[in-house]
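What follows is a short report on a single structure.
Remember, it's a predicted structure, so these values are computed and weren't measured experimentally.
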Amino acid sequence: MHDPYECYPILKLGSTVDSFAAFGDSLLVGAKPAHLIRYSIKAKDKEKDSKLDVQLLRYYKNFCKRAIQQIQAIPQRNLIVILSENTVFVHDLSSANFPLISTMQKTKGANIFYLDIENLTDASLTRETSFICRMCVAVKRKLQLYYWKNNEFLSYADDISISDFPKSIVWCKQSICVGLRNEYILVKLDDKKDPQTELFPAGKNSEPIVIKFDDSTFALVKDSQSVFINIDGTLMSKNAVKWSEVPQALIYDEPYLIALLSETIEIRSVQPALLVQTIKIEKPQLICRAYSGVLYVASGVHLSIIQAIPVAKQIKILIDEKQFQLALKLCNVWNDDENEKAKKRYHIQTLYAFDLFNNKQYSEAMKQFLELDSDPYDVIRLFPSLLPQYSQDDSPVSDGPSGKIGNRDFEKSLPALIEYLTAVRLKLLDNKKSQKRSVTELEQTFQIIDTTLLKCYLHTNDALIAPLIRLNNCHVLDSERVLKKHKKYAELILLYETKGLHHRALELLQKQAEQSDSPSKEVEKMIQYLQRLGKENIDLILKFAGWIVNNYPDEGLQIFVEDTSEVMQLPRLKILDFLVKTNKSLVIPYLEHLIYIWKDTDSSIHNALAHQYREKVLTLLNFPNGSEDQSTDKSVRNKLLNFLEKSEYYTPETLCAHFPFDSLFEERAILFGKLGQHEKALAIYVTVLGDTAKAIEYCENVYSRGGVGSDMVYVHLLQLLINPPDGTLLGAIPSSPTKPDIDMALALLEGNATRIPPEKALKILPKDIPVHKIRHFLVMSLNEHLNKKRHSQISRGLVYAEFLQVHDLRINYESQVMVLHEYNFCAVCNKRFSKQCAFFKNPNGDLVHLSCQQPEKS
């Protein structure tokens, strides 16, 4: 380890040093019996090869009545605070003889004090600096608190009582750490309920020593070690600094902690915890710090200066010794250009990160790379097996050591790399808008990170592979290679899907299904994939659906009938054409699903289902008679009849031309009925099918629905019953010779007397029919006629009476006269009516402007 400090003797006094303080180039010494001496000491500038310059500025004999117990300067106001005679005095440092400014009478009995000085930068344009100075004085078992204002110390708060006499005190923010004879306590000024907290014993063989380590941390001595607590009293994670023996005094000169021992001065670093240097000095008693890198030591009548060698030289030595942490801490106190310091710090931290990596401290190394904001690709290059094939021969990053990770430590390093890449990814996402990189560069960075994470997860955690692939940043070729190598086919299919490479995904799915011993699961995956593709990929869907439809027809149909938005939006006529060509047995189930489940109203779909039913019925009619065929025939025939009867969306004129004339008569009758050709429909029921009951049912349905020709439908049936047409009507062969059925005609007249126009029926009936046989028909028809006539007369009379009432009301309103003059006022706004304004008269006679008239609320 290098020696950061050099020690030089500077003075030999005539008497023993009791106390001293240093600031800048000034050194104040309190010597026995009560002398005060001021020196100007300019340290060596080793870069310019200058010498130590020591000058005596002031020498005051018997400055106080008794020895100076403690001395401390406030250089911001040219003040010195002295503890003598167990009382605190404030003197002017800028004037000759250090005149007394004030004697703090309240501090009589004090044994120690502490000044907390904080420099502040003024927010004004002048950028002047100001400061806050607070003082804590230990008076017996009390702590007195003061602050400097208007050239005097004023009371800061009430005195605080403690359990014992303080021997060491430090004030930091709102906490005061106090070292008593046997223990340390912490006083929290902002805690009203429990202001004092016991920390821990001071140790058996040590005096309590407390110093301020940084703006929020205390360093405390316990036996032969120093521990750290924050201002809340919590023990810090910093490792305790262990000394060779119990320290007599402690001081912090960043980044070194310096302890005064019995025969030596020991210099150690906190993080890392290292013994840096040991300086031999005879019986050192006191030590103080002037500024960064310059300290003074008093030993009896001798004074020595401890001066740090130049920081730049220290940093170079530390880098050579690979003490990068210490070198980084030294950058904080390096008095150099900020840009140069930043560059040097980045260089050191980079070397430190690679050194940690080479020493197999992978987690710490990755934390450093993350803090450095290093290029992720440079870090990934330390893992040759994770690089893409085309870049595995690249040289390592220029700033780092030559070491790349070997196979033995590969598995151990992966968790650290995963943590690093995940953190970089989140950081890029958070700062995406403020990134200076182009969109293309960001995409490439995300691609490198995610592809590397994929490779890491293949070795560590398979469950994270799929979520990562769904982010859609992985490099296709590289990811495809490693997924195939590890036989992660499900993840490979997901990769293809996220990248839109559906053809390759489906090829792999089909290949797996063909080679699998139980292909049902693989077929199901393929079906689910096809269902997600959507209408823009219909050609691809049909291409790969063919294999499923041919080999697994029931499952294949699910590709086109799943109740998802993607499937429901597929072009249905194109799918219909595909099924007709591929597997016709699925056409009817598909059409039935469209019509009965999805309620499709497209006439082409309805026509297609009717044609499919017709073709199947005709095919089954040609089969030999058998129980199974007859049952199937009847089922399909019922479906066809039910569909033709209930559907409102097919085009009957188109279907009618395709139905045969020698069969499917009932179906043709339904189609004629849909076309409004009731006479032809009834002719089929009566003359071809010989089913008069069906014909009467038909007439009832048509008459009840109404519409064109509904009033003559019974007349057509009556005509067919009395004068049946020739048996060759409609090209069909009747089931038996057709003869007039007068009895059925008369029964029809009697049962539907009010539905058949009498004048039409009488023209059709034979002249030789006795009147008594049609008496009921005539009576019912006449009554119906008379009822309609009476209803018309009554309705006419009521309408005329209403007309007369409205006429009288109009005459009454028109007979009313209203005179509007200048004395009329609006009942709402109380303004006069102008000549051209519109007005409104309320039922109570009030006149209002039309614009003021509010509509009545319902």
- Give a yes or no on this: more than 12 heavy atoms of other residues, nucleotides or ligands lie within 6.0 Å of atom CG of Asn335. no
- Message: ring-ring contact (aromatic ring centres under 6.0 Å, His included), that's the test. Do Trp171 and Phe113 meet it? Break it down for me.
- Response: CA-CA 10 Å; Trp171 190 351; Phe113 70 87; over 10 Å; no
- Query: Judged by atom type as modelled, is there a donor-acceptor pair below 3.5 Å linking the side chain of Ser161 to the main-chain atoms of Lys142?
  - Reply: no
- Verdict with supporting geometry, Val178 and Val210, side-chain contact (heavy atoms from CB on, under 4.5 Å): CA-CA 7 Å; Val178 184; Val210 184; over 6 Å; no
- Item | Asp409 side chain to Lys412 backbone, donor-acceptor under 3.5 Å | no
- Task: For Tyr362 and Phe357, run ring-ring contact (aromatic ring centres under 6.0 Å, His included): C-alpha distance rounded to whole Å, both residues' side-chain angles, the deciding distance at 0.1 Å, then the answer.
- Result: CA-CA 5 Å; Tyr362 304 115; Phe357 187 86; 5.3 Å; yes
- Task: Apply side-chain contact (heavy atoms from CB on, under 4.5 Å) to the pair Phe383 and Cys456, showing each step before the final yes or no.
- Result: CA-CA 11 Å; Phe383 300 80; Cys456 294; over 6 Å; no
- Message: Going by the rule side chain to side chain contact (heavy atoms under 4.5 Å, CB included), which residues pair with Glu183 if we only count those two or more places apart in sequence or in a different chain?
- Response: Ser163, Leu180, Ile185, Glu198
- Query: Would a distance-only check, ignoring hydrogens and angles, find a side-chain to backbone donor-acceptor pair under 3.5 Å from Asn461 to Tyr457?
  - Reply: no
- Task: Output all residues satisfying ring pair (Phe, Tyr, Trp, His ring centres under 6.0 Å) with Phe200, sequence neighbours left out; order by chain, then residue number.
- Result: Tyr184
- Matching residue for Asp164 among Lys140, Arg141, Arg181 - test: side-chain hydrogen bond (donor to acceptor under 3.5 Å, both in side chains): Arg181
- Message: Using a 3.5 Å distance criterion without hydrogens, assess whether the side chain of Ser175 forms a donor-acceptor pair with backbone atoms of Lys188.
- Response: no
- Query: If you round to the nearest 0.5 Å, how far is OG1 of Thr422 from CG of Leu464?
  - Reply: 8.5 Å
- Task: To the nearest 0.5 Å, tell me how far Ile211 CD1 sits from Ser168 OG.
- Result: 9.5 Å
- Answer yes or no: does atom CG of Asp191 have more than 12 heavy-atom neighbours from other residues, nucleotides or ligands under 6.0 Å? yes
- Is the shortest side-chain N to carboxylate O distance from Asp116 to Arg134 below 4.0 Å? yes
- Message: Does atom CD (Gln196) have a neighbourhood of more than 12 heavy atoms from anything else shown, all under 6.0 Å?
- Response: yes
Below 3.5 Å, can you tabulate the donor-acceptor pairs from side chains in residues 321-332 to any protein atom, sequence neighbours excluded?
unit_1, atom_1, unit_2, atom_2, d
Glu321, OE2, His2, N, 3.4
Gln325, OE1, Tyr352, OH, 3.4
Gln325, NE2, Tyr352, OH, 3.4

Could you give the side-chain donor-acceptor pairs of residues 294-307 under 3.5 Å, partners two or more places apart or in another chain?
unit_1, atom_1, unit_2, atom_2, d
Ser299, OG, Glu282, O, 2.1
Ser299, OG, Lys283, O, 2.8
Gln307, OE1, Lys44, N, 3.2
Gln307, NE2, Lys44, O, 2.4

- What pair of heavy atoms forms the shortest contact from Leu235 to Phe228, and how long is it? CD1-O, 3.4 Å
- Who pairs with Glu371 by salt bridge (charged side-chain N to carboxylate O under 4.0 Å, His left out), at least two apart in sequence or on another chain? none
- Query: Any salt bridge between Asp337 and Lys341, counting N to O under 4.0 Å?
  - Reply: no
- Between Ile112 and Leu83, what is the shortest heavy-atom contact and its length? N-CD2, 3.6 Å
- Non-hydrogen atoms of Val17 and Gln285 that approach each other most closely: O-OE1, 4.3 Å
- Return each pair, listed once, that meets ring-ring contact (aromatic ring centres under 6.0 Å, His included) where at least one residue sits in residues 247-278; pairs must be two or more places apart or across chains. Tyr5-Tyr256, Phe213-Tyr252
- Query: Which residues pass the salt bridge (charged side-chain N to carboxylate O under 4.0 Å, His left out) test with Lys367, sequence neighbours left out?
  - Reply: Glu364
- Listed by chain and number, what are the side chain to side chain donor-acceptor pair (under 3.5 Å) partners of Arg425, not counting sequence neighbours? Asp450
- Task: Ignoring hydrogens and angles, tell me if any N or O in the side chain of Asp375 forms a donor-acceptor pair with the backbone of Tyr377 under 3.5 Å.
- Result: yes
- Item | Donor-acceptor pair, side chain of Gln72 and main chain of Tyr114, under 3.5 angstrom | no
- Pairing residues for Lys167 by the side chain to side chain donor-acceptor pair (under 3.5 Å) criterion, not counting sequence neighbours: Glu207
- Measure the spacing between CG of Leu260 and CD1 of Ile281 and express it to the nearest 0.5 Å. 8.0 Å
- Message: I need the Asp253 CG to Ile267 CD1 distance, nearest 0.5 Å.
- Response: 9.0 Å
- Item | All pairs passing side-chain hydrogen bond (donor to acceptor under 3.5 Å, both in side chains) where residues 224-236 contributes a residue, at least two apart | Ser226-Trp243
- Task: Hey, could you give me each pair passing side-chain hydrogen bond (donor to acceptor under 3.5 Å, both in side chains) that has a residue in residues 262-274? Not counting sequence neighbours.
- Result: Ser244-Glu266, Glu245-Ser262, Glu266-Arg268
- Message: Before you tell me yes or no, could you show the steps for Phe410 and Leu386 under side-chain contact (heavy atoms from CB on, under 4.5 Å), namely the whole-Å CA-CA distance, both residues' side-chain angles and the distance that decides it to 0.1 Å?
- Response: CA-CA 10 Å; Phe410 179 71; Leu386 298 180; 3.8 Å; yes
- Query: Do you know which two heavy atoms are closest between Ile71 and Ala21, and how far apart they sit?
  - Reply: O-CB, 3.4 Å
- Query: Considering all heavy atoms of both residues, which atom of Leu261 and which atom of Pro247 are nearest to each other, and what is their separation?
  - Reply: CD2-CA, 3.7 Å
- Atom pair CD1 (Ile258) and CD1 (Ile265), whose distance is rounded to the nearest 0.5 Å: 8.0 Å
- Note on the structure: Note: Ser292 and Val333 closest approach over all heavy atoms is OG-CB, 4.0 Å
- Note on the structure: Output for pair (Phe369 CZ, Ile380 CD1), nearest 0.5 Å, gives 11.5 Å
- What pairs of residues pass the side-chain hydrogen bond (donor to acceptor under 3.5 Å, both in side chains) test when at least one of them lies in residues 15-26, not counting sequence neighbours? Asp18-Lys32, Ser26-Arg38
- Run the side-chain contact (heavy atoms from CB on, under 4.5 Å) check on Met135 and Val81 step by step: do they pass? CA-CA 10 Å; Met135 180 170 64; Val81 181; 4.0 Å; yes
